[in-house]
Chemist: 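Just passing along the structure, written as structure tokens.
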Number of protein chains: 2
Amino acid sequence: MTTATSPRALEHPTRDQIRLEAVLHALADPVRLRIVRDMARERAELSCSYFDLPVTKSTTTHHFRVLREGGVIRQTYRGTAKLNALREDDLEALFPGLLVTVLAAADAQATREDAAGARADR
Amino acid sequence: MTTATSPRALEHPTRDQIRLEAVLHALADPVRLRIVRDMARERAELSCSYFDLPVTKSTTTHHFRVLREGGVIRQTYRGTAKLNALREDDLEALFPGLLVTVLAAADAQATREDAAGARADR
DNA sequence: ACGCTAGTACGGTAACCATCGTAGTACGGC
DNA sequence: GCCGTACTACGATGGTTACCGTACTAGCGT
């Protein structure tokens, strides 16, 4: 056992251990980018099961771990659920504006794709 | 043969084919990030041989191709050399502020690492 | 105690990627 | 025409990744 909130401990990089390359790599996957976008939209701690992803549960676990180990999210146990939160403060301190800009870029791309899809549907 | 400047043609994604995930993936590698930083600093078209990278020439070719196919750089032949230019305009149009923010983040991280190195040297 | 729900751990697979060396092509200068 | 420089193509290799299924653990409610 470790300390307070829950017996199970989760490895997180400290703020100064977060590497830009790892953050970019974490965000470079479509599934993970979608997770991060969802977390940014709902501005609350979300459990893993909140997300409706096109992969199995074990793959989901994998993606959340990549995000956590890259320093993008913080995960804490809360009973049987695992709550996920964006590390906005740490990322903002290290790489000002990065997260916001990437999220805006993702939104812009999604909007363009929606428009293209609507055009194709006609 | 193809058209104007040179016989050899190089595949580039058009602006609307550029995908955020591919851009982030291209920037997520230390060698490629360094290339992009160098290109942003010297604001001119640089030949591949300008860069003094810790990898062999064939690996260098590989990295430049990833950057080109991701839509981050534009490459044109000029005689025996190959000139590389950042696609700042296209990236800015698609993902406003992204390139600048990533470059600033890379600078910030480099500064922190220099400081850490100086501290360790004492 | 039992079962339900949430998530993990493990083992495997196929694809991808960074890296290299060697051999080759394109162009410019002599 | 020949040589050097710049870069490419190809093939190999080892490491990483995305994905899955199955079996497991942790906590909650009854």
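Proteins get letters first, then strands, A, B, ... in listed order; numbering begins at 1 in each. Everything numeric in this text was worked out from a predicted model, so none of it was measured.
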Chemist: Using OP1 and OP2 only, check whether a side-chain N or O of B:S49 sits under 4.0 Å from D:dC7.
Modeler: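 Indeed, a polar side-chain atom of B:S49 lies that close.
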Chemist: Check whether any side-chain N or O of A:T61 sits under 4.0 Å from OP1 or OP2 of C:dG7, and answer yes or no.
Modeler: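 False: A:T61 side-chain N/O out of range (4.0 Å or more) of C:dG7 OP1/OP2.
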Chemist: Look at the side chain of A:D29 and decide which nucleotide, out of D:dA18, C:dT5, C:dC17, has an atom nearest to it.
Modeler: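 Of all the options, the side chain of A:D29 is nearest to D:dA18.
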Chemist: For the side chain of B:T59, counting heavy atoms from C-beta on, which of C:dA6, D:dC7, C:dT19 is nearest?
Modeler: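 Nearest to the side-chain atoms of B:T59, counting from C-beta on, is C:dT19.
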Chemist: Please state whether the phosphate of C:dC20, meaning OP1 or OP2, lies under 4.0 angstrom from any side-chain nitrogen or oxygen of B:T56.
Modeler: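 Answer is yes, contact under 4.0 Å.
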Chemist: Look at the side chain of A:K57 and decide which nucleotide, out of C:dC17, C:dA6, C:dG28, has an atom nearest to it.
Modeler: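 Nearest to the side-chain atoms of A:K57, counting from C-beta on, is C:dA6.
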Chemist: Expressed in angstrom and rounded to an integer, what is the separation of B:H62 atom NE2 from C:dT22 atom C1'?
Modeler: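 From B:H62 NE2 to C:dT22 C1': 18 Å.
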Chemist: 5'-most contact on DNA chain C: B:S58 or B:V66, nearest heavy atom basis?
Modeler: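 The 5'-side residue here is B:V66.
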Chemist: Should B:R32 be listed as having a side-chain N or O under 4.0 Å from OP1 or OP2 of C:dA18?
Modeler: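 Affirmative; the distance criterion is met.
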Chemist: Would one find a side-chain N or O of B:R78 under 4.0 angstrom from OP1 or OP2 of D:dA6?
Modeler: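 Answer no for this pair, as no side-chain N or O of B:R78 is under 4.0 Å from OP1 or OP2.
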Chemist: Is the number of heavy atoms from other residues, nucleotides or ligands within 6.0 Å of CG (B:D52) greater than 12?
Modeler: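 Open.
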Chemist: I want to check one thing: is the phosphate of D:dC19, taken as OP1 and OP2, less than 4.0 Å away from some side-chain N or O of A:H63?
Modeler: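 Result: yes.
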Chemist: Within the side chain of A:Q109, is there an N or O that forms a donor-acceptor pair under 3.5 Å with the backbone of B:L20?
Modeler: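 Yes, A:Q109 side chain to B:L20 backbone: donor-acceptor pair under 3.5 Å.
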Chemist: Crowded around A:E11 CD? As in, over 12 foreign heavy atoms under 6.0 Å?
Modeler: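 Atom CD in A:E11 is not packed in, count stays at 12 or less.
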Chemist: Can you measure from NE2 (B:H25) to CG (A:L27) and round to the nearest 0.5 angstrom?
Modeler: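 B:H25 atom NE2 to A:L27 atom CG measures 13.0 Å (nearest 0.5 Å).
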Chemist: Can you figure out which of C:dC20, C:dT5, D:dA18 approaches the side chain of A:T80 most closely?
Modeler: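 The answer is C:dT5.
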Chemist: What's the closest nucleotide to the A:V31 side chain, out of D:dA18, D:dC7, D:dC19?
Modeler: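 When the side chain of A:V31 is considered, D:dC19 is the closest of D:dA18, D:dC7, D:dC19.
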Chemist: If you measure from the Lys or Arg side-chain nitrogens to the Asp or Glu carboxylate oxygens, is any gap between A:D29 and A:R34 under 4.0 Å?
Modeler: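 Salt bridge between A:D29 and A:R34, a charged N being under 4.0 Å from a carboxylate O: no.
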Chemist: Return the value, rounded to whole Å, for the distance between atom CG of A:L10 and atom C1' of C:dA9.
Modeler: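 So the two atoms are 14 Å apart, to the nearest Å.
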